[in-house]
Amino acid sequence: MAIQQADKLLKKHKDLHCAKVLKAIGLQRTGKQDEAFALAQEVTALEPTDDNSLQALTILYREMHRPELVTKLYEAAVKKVPNSEEYHSHLFMAYARVGEYKKMQQSISAQDENLSKTMFLPLAERMVEKMVKEDKIEAEAEVELYYMILERLEKYQEALDVVRGKLGEKLTSELQSRENKCMAMYKKLSKWPECNALSRRLLLKNSDDWQFYIIYFDSVFQLIDKSWTPPAEGEHSLEGEVHYSTEQAVKFIEERITEEAKSSRPLRGPYLAKLELIRRLRHRGCNDEYKLGDPEELMFQYFKKFGDKPCCFTDLKVFVDLLPSTQGTKFISQLLGIIPLSAPEEGKLALPADIKALQQHLCVVQLTRLLGLYHTIDKKQKLSVVRELMLRYQHGLEFGKSCLKTELQFSDYYCLLAVHLLLDMWLEAGEEMAVWQSLTLLEEGLTHSPSNAQFKLLLIRIYCMLGAFEPVVELYSSLDAKHIQHDTIGYLLTRYAEALGQYAAASQSCNFALRFFHSNQKDTSEYIIQAYKYGAFEKIPEFIAFRNRLNASLHFAQVRTERMLLDLLLEANISTSLEESIKSMSLSPEEDDILWKDLHDNRDLTVLFNWDPKDRDISEEHRKLSLEEETIWLQIRSLTLRLVSGLPTLSHTVHPKNSEKTAENGVSSKIDTIRSLLQQLEVAVDSGKRFLEQKIQYPVLGPPPTRMAGFFSNGSCQCQSSLFYLVSDIYELDTNGLEDSTEIQERIGNCFKSLLEQLTDLFNKCKGDLMEVRDGILKTHPNILENLVFFVETMSITLWVSSYCDSVLRPFKSSLQKKKKKKKETSVVMPPVFTSFLDYVTELQTLTSNVIDHIKGLEIILTALKLEELSIDDTLLSQEEKKFTKTVQGKVQSSYQHSIQEIGELLKKRLDTIKKLKI
């Protein structure tokens with residue numbers, strides 16, 4: 001409709017720029033991007049200066065994700081209308097969007113003094129200094145800007161003088177803004193006496209502000225190490241009295257605790273500060289910690305005071321290493337002794353009578369796991385603990401009957417802790433029943449706490465480990481992940497989507513993530529512009545750093561690469577040719593758009609709650625190793641994608657090429673690119689193999705491993721590498737012709753045979769049942785599913801390479817048949833490469849048919865598996881809970897069936913492609 005209206009208007013007014021642009025917007029929104037771009041460029045070339053056309057073009061270029069064209073638009077407008085303040089402003093903002101900081105500065109200096117004053121954007125120190133001297137600084141934003149400039153120039157003393165001076169009085173919008181800035185500069189200048197005095201003064205005002213305790217302790221020990229003493233006369237420092245000895249620190253903390261006793265509400269800070277000071281003194285090997293008391297007794301007293309608060313566990317978690325390893329059981333018994341539980345009846349549990357008692361008991365149970373006491377007990381004891389935790393969970397639900405659906409139940413952590421124990425049994429002792437029990441408890445928990453993100457995240461993780469992706473999609477969607485979470489927790493979804501054969505869901509998952517990353521490009525530019533407009537200069541570097549961090553996100557690079565490989569897998573040589581698919585993605589084998597040196601791991605690896613002891617928890621070393629593994633796997637996937645994208649560039653023309661023509665039209669450089677990428681792939685594969693030799697085991701709830709181990713062990717890696725080497729040999733045959741090519745033909749023939757053997761071996765790794773009942777327990781084999789997915793992917797690459805072989809050999813065969821007709825010979829000896837290729841294609845067809853039959857067999861077995869008839873001999877679960885077991889097993893079965901169907905459908909399409917390969 002809009003396009004029609006614009007056309008009507010253009011019939012009356014041919015040269016109406018705005019109408020043309022509005023038509024272009026209509027075309028863009030109806031998917032006709034090329035027409036829209038051509039029309040927009042036509043208007044842009046005329047260098048319009050009317051505001052309507054400029055605004056409309058800006059909207060269009062933003063929708064096209066081409067913000068750099070907006071800068072050119074306003075550059076032309078400013079040249080034509082140099083006195084327009086509005087156009088100068090738009091040009092400045094356009095530069096901000098694309099990060100052209102040098103040009104931003106030039107655009108300001110090009111304007112008159114009045115304009116720079118109006119825009120409040122003095123971007124150089126001398127400009128601000130001039131304003132200071134002329135007493136023109138009035139707004140807080142200007143003081144912030146001056147402070148930022150000095151800080152970035154590392155003129156810390158000058159920055160400190162500004163904050164402490166008259167200008168600093170304007171810093172009022174944030175609480176303690178002035179003090180925080182002073183503290184930052186004191187630390188930069190290593191002015192520890194001032195740091196100490198200021199933090200002491202602030203703690204006297206608010207003894208619950210933890211950040212200042214940390215600075216206070218840091219400064220005290222810095223002064224002790226430097227043997228600092230106060231001057232004989234005058235003030236200790238600019239900020240007043242300084243504490244420079246352990247005795248003073250101990251006394252100061254004791255005074256804070258005494259003061260806290262007079263407070264109207266309990267304050268945690270002073271008590272935790274005492275434990276922190278003990279921890280630091282012990283770390284330094286000092287003998288003064290005895291002056292502060294016994295850590296065990298202090299933690300006991302802390303628990304008595306704050307045990308009914310949910311934060312009690314996280315507070316004490318930091319200090320449990322102060323307890324002797326042999327005292328764990330005694331400490332837990334001591335804590336349990338003061339919890340008001342009901343008098344136990346015979347054979348029954350002592351239960352809490354109110355929420356406060358429940359919270360205290362829950363804190364003790366969390367500490368029990370943190371101290372490693374649950375890890376040392378045997379299977380029977382673990383099951384007994386699980387049973388007890390679930391009874392306590394069920395009892396705790398009584399306190400939450402009035403809770404809204406969006407609220408969590410008070411006893412949810414009991415359920416989570418029980419599941420963690422079951423996961424230990426499954427992953428460490430191979431108890432298959434434990435995984436079904438853990439899924440059962442979580443699904444039951446979710447009915448009582450539909451908004452519990454931890455239940456959902458743990459369900460997602462376990463289902464994925466079992467190879468069931470179908471239930472995960474709904475769970476992740478119900479998490480309602482917002483903005484940055486698509487980067488921080490998106491890996492839980494995208495790691496498994498394609499790997500488990502759910503191609504439609506995988507596309508959707510990638511789209512979710514990519515939509516966020518692409519909108520970030522536009523959104524952060526807008527945030528930066530708003531920050532300029534409203535003088536929030538401090539936020540601008542933060543927004544820029546945020547944008548850069550997301551642009552260099554490891555997850556973004558992974559999703560982008562996997563999405564393109566997935567699109568090729570589903571479409572190339574099925575609905576569109578490989579060449580068209582690659583063209584539509586703007587892929588080029590020469591270009592690598594991944595910022596390898598700046599890759600940033602934004603994954604939140606601690607998103608799942610964890611109560612494991614330090615030796616079982618995720619460490620910094622695990623994070624580094626996981627990033628290394630993810631990077632190597634991304635290199636392999638990226639190089640595979642680029643090698644595939646290089647195949648159409650080698651495609652054969654109707655006339656055989658000679659080596660001279662090859663050099664002329666640049667195809668020789670294309671094969672050089674392929675060979676170079678192949679060498680890089682070899683290096684990446686070697687790195688991957690060396691990495692896997694370390695046999696790294698991540699913690700149960702740590703980072704999920706990549707698909708790399710399966711890629712190597714099932715033979716996919718070797719097979720895909722062989723295929724790309726075959727491309728090089730076929731190209732050599734294409735270039736040199738059939739004459740005197742016996743050696744190359746033999747090499748190609750051997751390669752065909754080897755590839756068939758490798759593909760057959762890969763198929764053998766896909767055999768076996770996905771689900772089976774053994775000794776009354778349902779067992780799963782998700783590795784078979786992953787191997788099938790790798791087989792389909794490898795077979796797709798095989799067919800793309802085979803199509804290239806076909807495009808090279810077909811013209812040779814036509815040429816030989818023409819010669820045969822000319823010479824009227826009854827028989828011309830066909831070169832062996834033709835026979836080899838035809839045999840190879842026939843065998844490929846047979847193998848693919850066999851795999852499709854195998855998949856049909858898997859479907860029949862899965863359908864025939866009557867899970868509802870499976871008697872669940874489980875003493876741990878109640879009859880009510882066993883219903884949930886049936887549900888979760890049904891979900892896994894259904895997911896396997898869905899995956900098998902999608903894999904089978906895709907293979908059938910690939911089989912049709914093979915049938916067309918006849919030279």
Side-chain angles (χ1 to χ4, degrees), residues 487 490-491 494-499 506 510 513-514 517 549-569 582 585-603 622-647 672-696 698 703-725 727-728 786 789-790 793-794 796-797 800:
D487 191 22
Y491 71 94
T494 52
R495 153 64 182 88
Y496 293 100
E498 185 189 349
C510 291
L514 289 175
F517 285 114
R549 184 170 174 170
L550 286 181
N551 287 343
S553 164
L554 167 74
H555 186 228
F556 181 28
Q558 288 171 324
V559 173
R560 219 166 56 229
T561 304
E562 291 297 342
R563 176 64 217 253
M564 288 192 276
L565 279 167
L566 183 62
D567 283 352
L568 291 177
L569 191 67
I582 286 165
M585 293 179 199
S586 307
L587 267 174
S588 167
E590 293 89 357
E591 289 174 20
D592 184 4
D593 62 351
I594 297 173
L595 308 164
W596 294 105
K597 287 182 181 175
D598 301 319
L599 270 186
H600 208 288
D601 187 1
N602 298 330
R603 295 174 299 163
H622 288 130
R623 290 172 189 277
K624 284 179 186 170
L625 288 166
S626 175
L627 175 58
E628 185 185 344
E629 182 181 354
E630 295 286 352
T631 307
I632 294 169
W633 180 236
L634 178 58
Q635 284 173 339
I636 291 170
R637 301 296 282 169
S638 172
L639 288 163
T640 304
L641 177 65
R642 289 170 67 195
L643 280 161
V644 170
S645 72
L647 289 175
D672 290 341
T673 303
I674 298 287
R675 285 169 181 160
S676 166
L677 290 173
L678 203 42
Q679 284 175 344
Q680 290 173 50
L681 182 63
E682 270 189 13
V683 172
V685 165
D686 287 342
S687 299
K689 285 177 179 171
R690 281 197 302 276
F691 182 88
L692 292 173
E693 281 166 10
Q694 299 174 66
K695 296 192 170 134
I696 288 142
Y698 299 114
T706 64
R707 300 166 65 198
M708 189 159 65
F711 182 63
F712 289 148
S713 64
N714 63 28
S716 299
C717 175
Q718 179 59 42
C719 197
Q720 290 184 20
S721 296
S722 302
L723 282 161
F724 294 123
Y725 277 111
V727 170
S728 183
E786 290 219 27
V789 171
F790 272 126
E793 188 181 293
T794 308
S796 297
I797 295 173
W800 296 329

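Small disclaimer: the values here were computed from a predicted structure and weren't measured.
For Thr640, the side chain to side chain donor-acceptor pair (under 3.5 Å) test picks out no residue, with sequence neighbours left out. Qualifying side chain to side chain contact (heavy atoms under 4.5 Å, CB included) partners for Glu793, counting only residues two or more places apart in sequence or in other chains: Glu498, Leu569, Arg637, Arg707, Gln720. For Ser645, there are no side chain to side chain donor-acceptor pair (under 3.5 Å) partners at least two apart in sequence or on another chain.
Closest approach of Phe712 to Leu692, counting heavy atoms only: CD1-CD1, 3.2 Å. Heavy-atom minimum distance, Asn714 versus Phe790: ND2-CD1, 3.3 Å. Across Ser626 and Arg603, no two heavy atoms sit closer than the pair OG-NH2, 2.8 Å. Looking at every heavy atom in both residues, Trp633 comes nearest to Glu562 through NE1-OE2, 4.2 Å. Closest non-hydrogen pair, Asn551 versus Phe556, comes out as O-CD2, 3.8 Å. In terms of heavy atoms, Leu643 sits closest to Ile674 at CD2-O, 3.5 Å.
The line from CG of Leu678 to CZ of Arg642 is 12.5 Å long, rounded to the nearest 0.5 Å. Distance check: Leu681 CG to Ser721 OG gives 5.0 Å after rounding to the nearest 0.5 Å.
Checked options Leu677, Leu647, Leu639; the residue passing with Pro589 is Leu677 (criterion: side chain to side chain contact (heavy atoms under 4.5 Å, CB included)).
Using a 4.0 Å cut-off between charged nitrogen and carboxylate oxygen, Arg549 and Asp487 do not count as a salt-bridge pair. In this structure, Arg690 does not pair ionically with Asp686, as no charged nitrogen and carboxylate oxygen lie closer than 4.0 Å.
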